*Asks:* 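A single structure is presented below for examination.
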Amino acid sequence: MIKYLLVGLLLANSVWAAPLDRIVAVVNNEVILDSELVEMEQTVRQQLRQREAAIPSSEILRRQVLERLIMQKLQLQRADMSGIRVGDDALNASIRQIAENNNLTLRQFRDALESDGYDFAEFRETIREEMVISRLRKSEVEDAIVVSEREVDNFLATQNLQGDSEQAFRLLHILVGIPDAPTPEQVQAAEEKLAEIQGLLEQGADFSEVAAGYSDGQNALEGGELGWRKQAELPTLFAGVVPNLSVGEVSEVIRSGSGFHLVKLAEKRSEETHLVKQTKARHILIKTNELVTDEAAESRLNQLRERILNGEDFAELARAHSEDTGSAIEGGSLGWASPGVMVPEFEEVMNSLAEGEMSEVFKSRFGWHLLQVEERREQNMADEFNRNKAREQLKQRKIEEELESWLRAMRDEAYIEYRDL
């Protein structure tokens, strides 16, 4: 069985299409058919079996899958109104990457899908929908998130006070959702549902099974699994609660604008930090253009390489000949570079050289290079690294919180009609 790496991958199995279809829900101006619901139910069951996760009862699973289909339909409708499209080139590149992640060629991947009974054309459209939704979320949620330097400062200060910021927690989550500006009746209904959930947990019910059956959160069908989070990556709502929980303990009810939350600490561990390996290198760049061909640029650099091997100074030749004006004035020096800073083709050559060694002439997307590694070191990049990491953690925290509100608001604004299941 192929192990797919795309989160939320839905595989449509045509053998489940019902000869006499019926409508199970209306979402704005579109319908969800029973055949769609059955197909996704089978997919979710298969995914849960592969993860060896508890499978809810048929009634609960059907209800949760329908809710997932509704949210998927709403997001695709919004993307269509926003003009978000995924062309065949981008789609093909994504599918090739999925195949490569499974150590298969595209042909082998397609054959494996079809041998398992999946229609490749339907699979392609499923991936296209996943990509459309991803672009919609980026456009409407992620791109709007801003993290200020003051927030980073405050975040790091809080981390210092808390001490072990490298501790990580594996969390499970249950959400009993309420709409924006709920009526007293809606709040009461949510509180009654919450009381039922707490009763089940107190009687010893498995948290993951209860989450799969009752939670309104995005990860309900995954048993409420939020995965591993470092202390700095915890949602703001949970940051003051989770570090005080014992492994296996369930929190008290946490109230937010989205509803009522319960969070369980499933596991806890400590994370290690690592020094950054840096390289100090210098280079000479010759660019190609309408007048300078690849052959001419390569030949010119080979001549310069011979002059250096014969004793001329690399830095002086870089100042005189390199077309990287920023580094040329420094004798070709690129300073200390951390992994991932240089383009891959340049970094690959740089990493293959010993200290003091000069490369053969090679080409990158910027032109032709002659490269020499001067030194290597392990550098404690604590300040820069921690600020960048803090900025990313704050952004991810904000994205997660905003995404939940965005989805809830989208659903509250939609016309949704349930038919007989």
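Here, residue 1 is the first one in the sequence, and each next residue gets the next number. Source: prediction; values computed, not measured.
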*Asks:* Going by the side-chain hydrogen bond (donor to acceptor under 3.5 Å, both in side chains) test, which pairs reach into residues 253-264, not counting sequence neighbours?
*Replies:* H173-H261, S256-H261
*Asks:* Tell me which one of I174, I254, L172 satisfies side chain to side chain contact (heavy atoms under 4.5 Å, CB included) with V263.
*Replies:* I254
*Asks:* Can a salt bridge be assigned to the pair R62 and E41 using a cut-off of 4.0 Å between side-chain N and carboxylate O?
*Replies:* yes
*Asks:* List the residues meeting side chain to side chain donor-acceptor pair (under 3.5 Å) with K193, not counting sequence neighbours, and say none if there are none.
*Replies:* D216
*Asks:* Yes or no on salt bridge (charged side-chain N to carboxylate O under 4.0 Å, His left out) for E400 and K395, after CA distance, side-chain angles and deciding distance?
*Replies:* CA-CA 9 Å; E400 185 171 327; K395 184 172 183 178; over 6 Å; no
*Asks:* Could you check if a side-chain atom of N29 sits within less than 4.5 angstrom of a side-chain atom of Q77, using non-hydrogen atoms only?
*Replies:* yes
*Asks:* Could you give the side-chain donor-acceptor pairs of residues 206-214 under 3.5 Å, partners two or more places apart or in another chain?
*Replies:*
from	atom 1	to	atom 2	distance (Å)
D206	OD2	S208	N	3.0
D206	OD2	E209	N	3.1
Y214	OH	E196	OE2	3.3

*Asks:* Partners of R124 by side chain to side chain donor-acceptor pair (under 3.5 Å), sequence neighbours excluded?
*Replies:* N92
*Asks:* Establish, for the pair R377 and W336, whether the NZ or CZ atom is under 6.0 angstrom from the six-membered ring centre and no further than 45 degrees off its axis.
*Replies:* yes
*Asks:* For residues A318 and G332, report the shortest heavy-atom separation together with the two atoms involved.
*Replies:* CB-N, 3.7 Å
*Asks:* Under the side chain to side chain contact (heavy atoms under 4.5 Å, CB included) test, which residues partner E249, sequence neighbours left out?
*Replies:* L245, S246
*Asks:* Please give me the minimum heavy-atom distance between I399 and E142, naming the atom from each residue.
*Replies:* CD1-CG, 3.6 Å
*Asks:* Tell me, please, which residues at least two apart from F260 pass ring-ring contact (aromatic ring centres under 6.0 Å, His included).
*Replies:* none
*Asks:* Side-chain polar contacts of residues 145-154 - donor-acceptor pairs under 3.5 angstrom, sequence neighbours left out - could you list them?
*Replies:*
from	atom 1	to	atom 2	distance (Å)
S148	OG	E151	N	3.1
S148	OG	E151	OE1	3.4
E149	OE1	R387	NH2	2.6
E149	OE1	R391	NH2	3.1
E149	OE2	R391	NH2	2.7
E151	OE1	S148	N	2.8
E151	OE1	K398	NZ	3.1
E151	OE2	K398	NZ	2.8
D153	OD1	R387	NH1	2.8
D153	OD1	R387	NH2	3.2
N154	ND2	R150	O	3.4

*Asks:* So does E67 pair up with R63, basic N to acidic O under 4.0 Å?
*Replies:* no
*Asks:* Side chains of Q46 and Q42: is there a donor and an acceptor less than 3.5 Å apart?
*Replies:* no
*Asks:* Would you give the length of the straight line joining atom NZ of K280 to atom OG of S333, rounded to the nearest 0.5 angstrom?
*Replies:* 5.5 Å
*Asks:* Of all residues at least two apart in sequence or in a different chain, which pass the side chain to side chain contact (heavy atoms under 4.5 Å, CB included) check with A296?
*Replies:* V292, T293
*Asks:* For I329, is the CD1 atom crowded, meaning more than 12 foreign heavy atoms sit under 6.0 Å from it?
*Replies:* no
*Asks:* Is the CD atom of E357 crowded by more than 12 outside heavy atoms at less than 6.0 Å?
*Replies:* yes
*Asks:* Suppose we screen for salt bridge (Lys or Arg N to Asp or Glu O under 4.0 Å). Which residues come up paired with E323, at least two apart in sequence or across chains?
*Replies:* R300
*Asks:* Taking only residues two or more places apart in sequence or in another chain, which ones pass ring-ring contact (aromatic ring centres under 6.0 Å, His included) with F362?
*Replies:* F346, H369
*Asks:* Using the ring pair (Phe, Tyr, Trp, His ring centres under 6.0 Å) rule, take F109 and F120 through it: C-alpha gap first, then chi angles, then the decisive distance, then the call.
*Replies:* CA-CA 10 Å; F109 182 66; F120 188 71; 7.1 Å; no
*Asks:* Can you tell whether the side chains of K287 and D324 come within less than 4.0 Å, N to carboxylate O?
*Replies:* no
*Asks:* If you round to the nearest 0.5 Å, how far is CG of D21 from CG of L33?
*Replies:* 4.5 Å
*Asks:* Would you give the length of the straight line joining atom CG of D294 to atom CD1 of I286, rounded to the nearest 0.5 angstrom?
*Replies:* 12.5 Å
*Asks:* Do R408 and D412 meet the salt-bridge criterion of a basic N to acidic O distance under 4.0 Å?
*Replies:* no
*Asks:* Check side chain to side chain donor-acceptor pair (under 3.5 Å) between E100 and all other residues, then give those that pass, not counting sequence neighbours.
*Replies:* none
*Asks:* Taking only residues two or more places apart in sequence or in another chain, which ones pass side chain to side chain donor-acceptor pair (under 3.5 Å) with E375?
*Replies:* none
